[in-house]
Novice: 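One structure follows; several queries about it will come next.
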Amino acid sequence: MSAARGVDTGERMAEPPRAARRVPTPPSEHEDRGAWKLVGRGDGTPGKKVLSSYLVRFNREQADWIDQECERTGVTPFELIQRLVDQARSSQTK
């Protein structure tokens, strides 16, 4: 398929060489780690499990408000939304 036109040309891409397909391994303790990027997973709290997660699509005005509110309060979007849910829940019980 031609990526530029989205047309199937019927041609197959050549297999990459076997060496190019192998999974890279991280450097040992004594090797240079400059080429590797550390990616965080979770919040570092052992045993804390995520009970549910959602993909929420906000319109432009909503996304702008969330960004402004996060800057104003100094929290992440995730923390902001958690706070909003907690506030909504507490206002229902009053």
Side-chain angles (χ1 to χ4, degrees):
M1 179 178 283
S2 171
R5 293 197 179 107
V7 177
D8 188 357
T9 62
E11 296 177 22
R12 294 189 66 188
M13 293 181 63
E15 281 286 316
R18 196 167 221 8
R21 289 185 294 167
R22 75 185 169 92
V23 177
T25 57
S28 69
E29 274 189 43
H30 303 292
E31 289 181 289
D32 178 30
R33 296 178 185 200
W36 286 81
K37 179 179 179 182
L38 180 62
V39 178
R41 298 283 187 235
D43 62 2
T45 307
K48 186 176 179 183
K49 295 180 182 177
V50 175
L51 298 178
S52 61
S53 62
Y54 301 93
L55 172 65
V56 181
R57 295 187 177 152
F58 295 107
N59 64 31
R60 173 56 47 207
E61 292 82 19
Q62 292 169 325
D64 289 344
W65 181 86
I66 290 171
D67 291 340
Q68 292 168 2
E69 195 65 15
C70 287
E71 284 182 28
R72 186 183 72 77
T73 58
V75 298
T76 66
F78 305 105
E79 293 168 328
L80 177 65
I81 293 169
Q82 288 173 334
R83 287 181 183 184
L84 292 171
V85 168
D86 290 341
Q87 288 173 359
R89 289 178 59 220
S90 68
S91 70
Q92 286 180 348
T93 59
K94 292 181 181 179

Novice: So, taking the atom named OG1 in T73 and the one named CD in E79, what distance separates them when rounded to the nearest 0.5 Å?
Specialist: 8.5 Å

Novice: Working to the nearest 0.5 angstrom, can you tell me the gap between I81 CD1 and F58 CZ?
Specialist: 4.0 Å

Novice: Please answer: with hydrophobic residues joined when any side-chain heavy atoms are less than 4.5 Å apart, are L55 and L84 in the same cluster?
Specialist: no

Novice: Would you name the heavy atoms of C70 and L80 that are closest together and state the gap between them?
Specialist: SG-CD2, 3.9 Å

Novice: Minimum heavy-atom separation for I66 to P77, with atom names?
Specialist: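 Distance-wise, the nearest heavy atoms are CG2-CB, 4.2 Å.
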
Novice: Would you check if the side chain of Q62 reaches a backbone N or O of N59 as a donor-acceptor pair within less than 3.5 Å?
Specialist: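 Answer holds: yes.
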
